[in-house]
Amino acid sequence: MFVVPWKFPVKVSMRGNVITKVEFLKGKEKTIARRPKSGVAAALYDNMLAYFSGERISFNRYEVELRSAFLRRVLGEVRKIGYGETTTYGELAKKLETSPRAVGQALKANPAPVVIPCHRVLAKRGLGGFSQGLDVKRELLRIEGIDLIT
DNA sequence: TATAGTTGGAATT
DNA sequence: AATTCCAACTATA
């Protein structure tokens, strides 16, 4: 487990080389940022720092622990969304032949925001929701240069 | 199994 | 613009 310093510090939990959880602290908890010495964790830490400073980073090579097959299906599709691009719940639902609501649920259950870019999935009108807080979602979109209309 | 709740969307008033 | 219905999935009892 390690924490990446940012506007909203990011806490990353891992088991081996697999990411199990990513969360934003938003100043609620106090955790000291520290950098892993080596391995996948160190690479991820560096990638995150670069990402938050505006570099076009892809986290697709990192493995994330996903419980259900449905979650893997939906989030797998989400990971195909490129940097700076967006899609909607409806689009995903159509592609996966499911309902927009089910997609929303899967995204809410996403254990690793940022690594799996669920923030690039918006509602058809406006900007859906975000389990870690909408302020975080807006900030992430802003970093990638996506302008919100509403 | 039954039921209610979801980061939605479309239809209807 | 506000309300109502729909759909696929999950969590809970």
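Since the structure is predicted, the reported quantities are computational estimates derived from the model, not experimental observations. Just so it is clear: chains get the letters A, B, ... in the order the sequence lines come, proteins before strands, and each one is counted from 1.
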Quiz prompt | Under the 3.5 Å Watson-Crick or G-U criterion, the dot-bracket string of DNA chain B, with | for inter-strand pairs | solution = ||||||.||||||
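Taking the six-membered ring where tryptophan is involved, the planes of A:Tyr62 and A:Phe59 are tilted, since the angle between them lies from 30° to 60°.
Side-chain nitrogen and oxygen atoms of A:Ser68 include at least one within less than 4.0 Å of the OP1 or OP2 phosphate oxygen of C:dT10.
Whole-Å rounding puts the A:Leu92 CG to C:dA7 C1' distance at 16 Å. Per the geometry, CD belonging to A:Glu91 stands 10 Å off P belonging to B:dG9, to the nearest Å. If you measure from atom CG of A:Asn110 to atom C1' of C:dT10, you get 15 Å, rounded to the nearest angstrom. Atom CG in A:Leu107 sits about 22 Å away from atom P in B:dG5, given to the nearest Å. At whole-Å resolution of the value, CG in A:Leu96 and C1' in C:dA7 are 14 Å apart. Look at NZ on A:Lys124: it is 19 Å from P on C:dC6, rounded to the nearest Å.
For the side chain to side chain contact (heavy atoms under 4.5 Å, CB included) test, residues two or more places apart in sequence or in another chain that qualify with A:Leu96 are A:Arg73, A:Val74, A:Glu77, A:Thr98.
Counting heavy atoms from C-beta on, the side chains of A:Glu85 and A:Arg120 never come closer than 4.5 Å. The shortest distance between side-chain heavy atoms of A:Lys137 and A:Leu122 falls below 4.5 Å.
Nucleic acid contact class of A:Phe130 (heavy atoms, under 4.0 Å, all strands): base. Residue contacts shown for A:Lys108 include a base, since a base heavy atom lies under 4.0 Å away. Heavy atoms of A:Ser131 sit under 4.0 angstrom from at least one base atom.
For A:Thr20 (side chain) and A:Ser13 (main-chain N/O), a donor-acceptor pair under 3.5 Å exists by modelled atom type.
Nearest to the side-chain atoms of A:Gln105 among the listed nucleotides B:dG9, C:dC9, C:dA7 stands C:dC9. Between C:dC9, C:dA7, B:dG9, one nucleotide has an atom nearer to the side chain of A:Arg101 than all others, and that is C:dA7.
Closest heavy-atom contact between A:Ala43 and A:Arg61: CB-NH2, 3.9 Å.
Residues from residues 73-87 of chain A that place a heavy atom under 4.0 Å from any atom of DNA chain B: there are none.
Between A:Met14 atom CE and A:Phe2 atom CZ the span is 6.5 Å, to the nearest 0.5 Å.
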Self-check item: Steps toward side-chain hydrogen bond (donor to acceptor under 3.5 Å, both in side chains) verdict (A:Glu144, A:Tyr51)
Solution: CA-CA 9 Å; A:Glu144 299 191 11; A:Tyr51 173 81; 2.5 Å; yes
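By the criterion of side-chain heavy atoms lying less than 4.5 angstrom apart, applied directly or through intervening Ile, Leu, Val, Met, Phe, Trp or Tyr residues, A:Val18 is not grouped with A:Val114; the two fall into different hydrophobic clusters.
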